[in-house]
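We name chains A, B, ... by the order of the sequence lines, and we start the count at 1 in each one.
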Amino acid sequence: MVYLTRKVEFAASHLYHNPALSAEENRRVFGKCNNPHGHGHNYTLEVTIAGEPDAVTGMVLDLKELKEILEREIMQRMDHRFLNYEVAELKDQIPTCENVAQVIWNLLEPKIPQRRLHRVRLYESADLFADCYRNNRGGAS
Amino acid sequence: MLGELCIELGRRYRFAASHRLHSAQLTEDENSRIYGKCNNPYGHGHNYTVEVRFSGAVDPASGMIANLADLDAFVNERVIEPFDHRSLQDEVPAFREVVPTTENLCMEIYERLKSFPRAKLEAVRIEETSNNSFEYAGKA
């Protein structure tokens with residue numbers, strides 16, 4: 001098995017607020033991230049595909065194809081957007097790193113040929129990231 | 001058959017510490033031969049980066065596996081405070097008898113963090129320098 005990883009970066013704003021909690025609870029749980037005007041991050045997304053290289057092309061997946069999928073599914077949806085208000089898949093969810101990574105997984109998994117998506121890693125900053133994968137994966141993390 | 005979807009939270013922390021690689025079970029010559037510069041009796045230091053990964057259910061109320069303030073406080077108390085700006089073999093009891101290689105440091109930090117109550121520790125990865133990293137995911 002060979003693992004291929006493509007990285008893309010996007011910038012987006014968000015805020016954390018749960019309408020089921022009081023204003024005070026929201027501030028306590030989410031701290032600065034509860035600022036009603038929102039704030040932003042430079043997100044780095046690493047998408048890993050697993051597979052055997054094709055006997056003819058030597059590729060696990062054509063990077064051009066992967067680049068187009070990421071552009072269409074992720075960049076156009078999330079880059080320079082306010083995640084809470086402009087990304088329908090995040091409606092009624094808190095756009096934490098965990099939840100955004102899971103939304104990205106759900107968007108990409110059906111689009112990657114032969115179900116070869118292995119891992120989505122989303123960095124919200126250099127020191128905070130979330131990984132999403134299926135637990136039947138084997139080999140390299 | 002598709003496996004269950006899993007989410008992990010990853011967080012990176014930093015500390016600076018000195019260490020000396022020296023084993024009491026080896027002669028002076030052997031220590032010098034095996035550890036080279038790292039056997040310098042005065043020690044030397046590194047800027048360590050510790051990357052931890054935790055798995056668990058995402059709480060729908062917060063959207064989080066674990067509240068970062070809780071996690072940061074736990075890691076600071078158990079790892080950063082006792083290790084930062086310290087001499088590992090002189091000031092951390094776990095390394096009085098155990099050589100403070102980064103392999104052993106990974107295992108020690110894993111032991112210190114595995115009891116985090118709000119999520120399951122999956123792995124500890126340490127970058128000793130930007131060129132060397134080590135990862136421990138618990139007993140196989």
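Counting heavy atoms of neighbouring residues, nucleotides and ligands inside a 6.0 Å radius, atom CZ of Arg96(B) exceeds 12 of them.
Under the 4.5 Å side-chain contact rule for hydrophobic residues, Phe15(B) and Phe74(B) share a cluster. Grouping the Ile, Leu, Val, Met, Phe, Trp and Tyr side chains by contacts below 4.5 angstrom, directly or via other members, places Met107(B) with Phe83(B). Residues Tyr123(A) and Leu117(A) are members of separate hydrophobic clusters, defined by side-chain heavy-atom contacts under 4.5 angstrom among Ile, Leu, Val, Met, Phe, Trp and Tyr. Residues Leu90(A) and Met64(B) are members of separate hydrophobic clusters, defined by side-chain heavy-atom contacts under 4.5 angstrom among Ile, Leu, Val, Met, Phe, Trp and Tyr. A single hydrophobic cluster is seen to contain both Ile34(B) and Leu21(B), as judged by linkage of ILVMFWY side chains at heavy-atom distances under 4.5 Å, directly or through other members.
Of the listed residues Ser55(B), Ala61(B), Gly63(B), the one with more heavy-atom pairs under 4.5 angstrom with chain A than any other is Gly63(B).
Note that CD of Glu51(B) and CG of Asp127(A) are 9.5 Å apart. Values are rounded to the nearest 0.5 Å. In this structure, CG on Leu68(B) lies 9.0 Å from SG on Cys97(A), to the nearest 0.5 angstrom. With values rounded to the nearest 0.5 angstrom, Asn67(B) atom CG is found 8.5 Å from Phe30(A) atom CZ.
Contact of Phe129(A) with chain B is made through backbone and side chain together, with heavy-atom distances under 4.5 Å. Of the two parts of Asn106(A), only the side chain, counted from C-beta on, holds a non-hydrogen atom closer than 4.5 Å to a non-hydrogen atom of chain B.
Between Cys6(B) and Asn135(A), the closest heavy-atom pair is SG-CB, 3.4 Å. The heavy-atom pair separating Leu5(B) from Arg134(A) by the smallest distance is N-NH1, 3.8 Å.
Distance alone, capped at 3.5 Å, places no donor-acceptor pair between the Asp131(A) side chain and the Glu8(B) backbone.
Between Thr96(A) and Ile65(B), the closest side-chain pair of non-hydrogen atoms is not below 4.5 Å.
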If you apply the rule side-chain contact (heavy atoms from CB on, under 4.5 Å), what do you find for Ser62(B) with Ile94(A), and how did you get there?
CA-CA 7 Å; Ser62(B) 68; Ile94(A) 318 271; 6.0 Å; no

